[in-house]
Amino acid sequence: MKSHSNHLFKKTILFGVFILLSLPFATIAQTKTEQIDKLLSLYHEYGQFNGSALVAENGKVIYKKGLGLANMEWDIPNQPNTKHRLGSITKQFTSMLIMQLVEQGKLKLDVPITTYLKDYPKSTGDQITIHHLLTHTAGIPNYTSFPGFFNDHSRDPYTPDEFVEVFKDSTLQFTPGEKFAYSNSGYFLLGVILEKVSGKTYEQMLQENIFTPLKMNNTGFDHHSEILKNRATGYSKFGTSYTNSNYLDMSIPYAAGSMYSTVEDLYLWDQALYTDQLISKKSKDLVFTPDISTGKASYGYGWGINYRPIGKTKDSIKVIGHGGGINGFNTIISRIPSDKHLIVLLNNTGGTDLGQMSNSISGILYGKDYDTPKKSVAFSILGTIIDKGIASGLEEFENIKSSEIYALDEGEMNRVGYQLLRIGKIKEAIEVFKLNVTSFPESGNVYDSLGEAYLENGNKELAIKNYKKSVEIDPSNTHGAKVLKELESK
């Protein structure tokens, strides 16, 4: 279990103002609904969104729809009630359960986690608090980033206590509270703490404390073995085609990412957060206040808190939200509390830029200019590389990289490079990563990826050169620094 000007034209003639103000709300809302539908339909046409979407304005749903297929083998369409895996959106539900126990006096945010986890190593556990786990400031390495993790662990079932053994003895990346480093390990531990303190399973607590009270009847902890009506199949995108996503045992993401839900149920969740039904206002203020101890100041308890641009303008607004990514799915929930706006996008074809889509929808909601989708340079050249070879792919890149109907995206290029690595086309992957380095020379991640590809190709010298550049640009790249240290010591 990681894009966002003008105001609406205002008539200066009194009669014009009267007519504008006299338009029924439904007409204005319908206009926005049509714009949202046109936008997402174009994203779908370009192969960049396949899933379910919901948009609420001032607390009222103005758009909900499924686009594309929930199951491609049976041509079953996505609907608003299609169940999608949420990935890291799960974390906000974990933080809610934690705060409920805090209000009940069963947990404290500022005591060592060894208070509740008696078998956790005291050398590290005595330094870490629940607050650190909630805010990703504990320094515990992220288990999904461990070398070989997906091959060695992701398909096997574990009990929560068994899986803690995978990472509990890891050296901390930094002293707890000093830095921010996103870590699924921390939220996994929060689930274990919830179970130890409550005497119930994490799944039971979700159901009893949140889903049942809110009537979220289409939400739950996902189990592969369960027959689940209206469950979407997860797919991975490979260029312009799709494959079934790799199997993942759902005991692995656990409290960091194992939930499924629908856009309709997430609307119920959003609305409940404006009330005191689950926790008090005082507790919610803690949840939605970014931790400022590390200077990052954009993450609270299971939620990101940011000021983001509205559409293409420089105007910004406070957005509380979170994304999620898990085999075959990526998701986003964006809440704008000042106006009770909500955007939920659940996609069942793997990684895509849902942040940009959410930003464009916010532009529509506020009557601002917004970006419309473009075709992907990365996915276009991938198809060409597979069909015609790397030389043709490089030629196509030069032809379309500056086209107005194509967009060059660093993340998509990186994903294409790794897709080529996974199918054994190492030299082709290196060429794609080199294009990314040339196109985005200020990004540490592109050098890290190129270094990894060179390492896999057996070129230690070039691997070291690129890992050095990556760490130089991005000192927080602890994994790259570790690999570099190992390479230089050999």
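Computed from a predicted model, the values in this text were never measured in an experiment. Basis for what follows: all heavy atoms, side chains included, without hydrogens, waters or symmetry-related copies.
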Enquirer: Does a donor on one side chain sit under 3.5 Å from an acceptor on the other, for N347 and N330?
Expert: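 Judged by distance alone, the side chains do pair up.
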Enquirer: For N217 and D265, which I'm curious about, is there any donor-acceptor pair between the side chains at under 3.5 Å?
Expert: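 No, because no side-chain N or O of N217 sits under 3.5 Å from a partner of the opposite role on D265.
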Enquirer: Does any part of the side chain of F397, heavy atoms only, come nearer than 4.5 Å to the side chain of L435, both counted from C-beta?
Expert: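 Result yes, sub-4.5 Å side-chain heavy-atom pair found.
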Enquirer: Answer yes if the ring centres of F433 and Y418 are under 6.0 angstrom apart, and no otherwise.
Expert: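 Close enough - the centres of the two rings lie under 6.0 Å apart.
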Enquirer: How about N477 and D448: does a side-chain donor come under 3.5 Å of a side-chain acceptor?
Expert: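 Per modelled atom types, N477 and D448 side chains form a pair under 3.5 Å.
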Enquirer: Can you confirm if the aromatic rings of F221 and H223 lie within a centre distance of less than 6.0 Å?
Expert: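 For H223 and F221, the ring centres are under 6.0 Å apart.
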Enquirer: Step through it carefully: locate the ring centre of F146, locate the ring centre of F167, and say whether they are under 6.0 Å apart.
Expert: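 No, the ring centres sit 6.0 Å or more apart.
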Enquirer: Between atom OH of Y301 and atom OH of Y187, what is the distance when rounded to the nearest 0.5 Å?
Expert: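 It is 9.0 Å, given to the nearest 0.5 Å.
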Enquirer: Side chains of K108 and Y116: donor-acceptor distance under 3.5 Å anywhere?
Expert: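 Side-chain D/A pair, K108 to Y116: absent.
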Enquirer: Between Q79 and S52, is there a side-chain donor-acceptor contact under 3.5 Å, judged purely by atom types and distance?
Expert: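 Their side chains do not contain a donor-acceptor pair, so the 3.5 Å distance test is not met.
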Enquirer: Return yes if a side-chain donor-acceptor contact under 3.5 Å exists between T352 and Q48, otherwise no.
Expert: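 Not at all, the side chains of T352 and Q48 share no donor-acceptor pair under 3.5 Å.
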Enquirer: If you round to the nearest 0.5 Å, how far is CG of N230 from NE2 of H84?
Expert: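 H84 atom NE2 to N230 atom CG measures 10.0 Å (nearest 0.5 Å).
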Enquirer: Do D315 side-chain atoms and I310 backbone N/O form a donor-acceptor pair below 3.5 Å?
Expert: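 Judged by distance alone, no pair lies under 3.5 Å.
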Enquirer: Is the backbone of I140 close enough, under 3.5 Å, to the side chain of S183 for a donor and an acceptor to pair up by distance?
Expert: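 Such a contact is found between S183 side chain and I140 backbone.
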Enquirer: Rounded to the nearest 0.5 Å, what separation is found between the CD1 atom of I210 and the OG1 atom of T94?
Expert: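 Interatomic distance, I210 CD1 to T94 OG1, rounded to 0.5 Å: 8.0 Å.
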Enquirer: Any chance the side chains of S443 and N445 put a donor and an acceptor closer than 3.5 Å?
Expert: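 S443 vs N445: no donor-acceptor pair found between side chains.
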Enquirer: What residue among T331, T219, T90, N218 forms side-chain hydrogen bond (donor to acceptor under 3.5 Å, both in side chains) with S261?
Expert: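 For S261, the side-chain hydrogen bond (donor to acceptor under 3.5 Å, both in side chains) check succeeds only for T219.
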Enquirer: Regarding S360 and Q356, is there a side-chain donor-to-acceptor distance under 3.5 Å anywhere?
Expert: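 Short answer, yes.
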Enquirer: Hey, does Y235 have a side-chain heavy atom less than 4.5 Å from the side chain of S245?
Expert: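 They are not in contact (no side-chain heavy atoms under 4.5 Å apart), so the answer is no.
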Enquirer: F49 and H44: aromatic ring centres closer than 6.0 Å?
Expert: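 No, the ring of F49 stays outside the 6.0 Å limit from the ring of H44, centre to centre.
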Enquirer: Going through the distances and angles, do D222 and K83 end up as a salt bridge (Lys or Arg N to Asp or Glu O under 4.0 Å)?
Expert: CA-CA 10 Å; D222 206 355; K83 299 180 176 78; over 6 Å; no
Enquirer: Return yes when atom NZ of K482 has more than 12 non-hydrogen atoms of other residues, nucleotides or ligands closer than 6.0 Å, and no otherwise.
Expert: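 Atom NZ in K482 is not packed in, count stays at 12 or less.
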Enquirer: Just do the side chain to side chain donor-acceptor pair (under 3.5 Å) check on Q173 and T478 with the steps written out, would you?
Expert: CA-CA 7 Å; Q173 295 174 297; T478 54; 2.8 Å; yes
Enquirer: Side chains of T313 and Y370: closer than 4.5 Å at any heavy-atom pair?
Expert: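 No - every pair of side-chain heavy atoms lies 4.5 Å or more apart.
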Enquirer: In sequence, state the C-alpha distance, the side-chain angles, and the governing distance for M96 and W269, and then conclude on side chain to side chain contact (heavy atoms under 4.5 Å, CB included).
Expert: CA-CA 11 Å; M96 176 61 72; W269 166 242; 3.9 Å; yes
Enquirer: Could you tell me whether K32 sits above the aromatic face of Y63, with NZ or CZ closer than 6.0 angstrom to the six-membered ring centre and within 45 degrees of the axis?
Expert: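 Verdict for Y63: no cation-pi partner in K32.
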Enquirer: Compute whether any side-chain donor of one residue and acceptor of the other, for S334 and S358, lie under 3.5 angstrom apart.
Expert: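 Result is yes, a qualifying pair exists.
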Enquirer: Would you kindly say whether Q127 and H132 are connected by a side-chain donor-acceptor distance under 3.5 Å?
Expert: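 There is no such pair between these side chains.
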Enquirer: Cation-pi check, R415 to F238: give yes when NZ or CZ is under 6.0 Å from the six-membered ring centre and within 45° of the ring axis, no otherwise.
Expert: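 Checked: cation-pi criterion not met.
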Enquirer: Is it true that the side chains of H322 and Y299 contain a donor and an acceptor less than 3.5 Å apart?
Expert: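 There is such a pair (donor and acceptor under 3.5 Å, judged by atom type) between the side chains of H322 and Y299.
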Enquirer: Assess the side chains of E472 and Y447: does a donor N or O sit below 3.5 Å from an acceptor N or O?
Expert: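 Checked: E472/Y447 side chains show no N/O donor-acceptor pair below 3.5 Å.
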Enquirer: Should K200 and E208 be marked as a salt bridge (Lys or Arg N to Asp or Glu O under 4.0 Å) after you check the CA-CA gap, both sets of side-chain angles, and the distance that decides it?
Expert: CA-CA 10 Å; K200 299 177 181 180; E208 294 174 9; 2.7 Å; yes
Enquirer: Please assess T201 against Q204 for the test side chain to side chain contact (heavy atoms under 4.5 Å, CB included), listing each intermediate value before the final yes or no.
Expert: CA-CA 5 Å; T201 67; Q204 283 177 310; 3.1 Å; yes
Enquirer: Evaluate L266 against L86 for side chain to side chain contact (heavy atoms under 4.5 Å, CB included), listing each step before the verdict.
Expert: CA-CA 10 Å; L266 289 175; L86 296 183; 4.0 Å; yes
Enquirer: Could you check whether K38 and S41, counting side-chain N and O atoms only, form a donor-acceptor pair closer than 3.5 Å?
Expert: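 Absent: no donor and acceptor within the cut-off.
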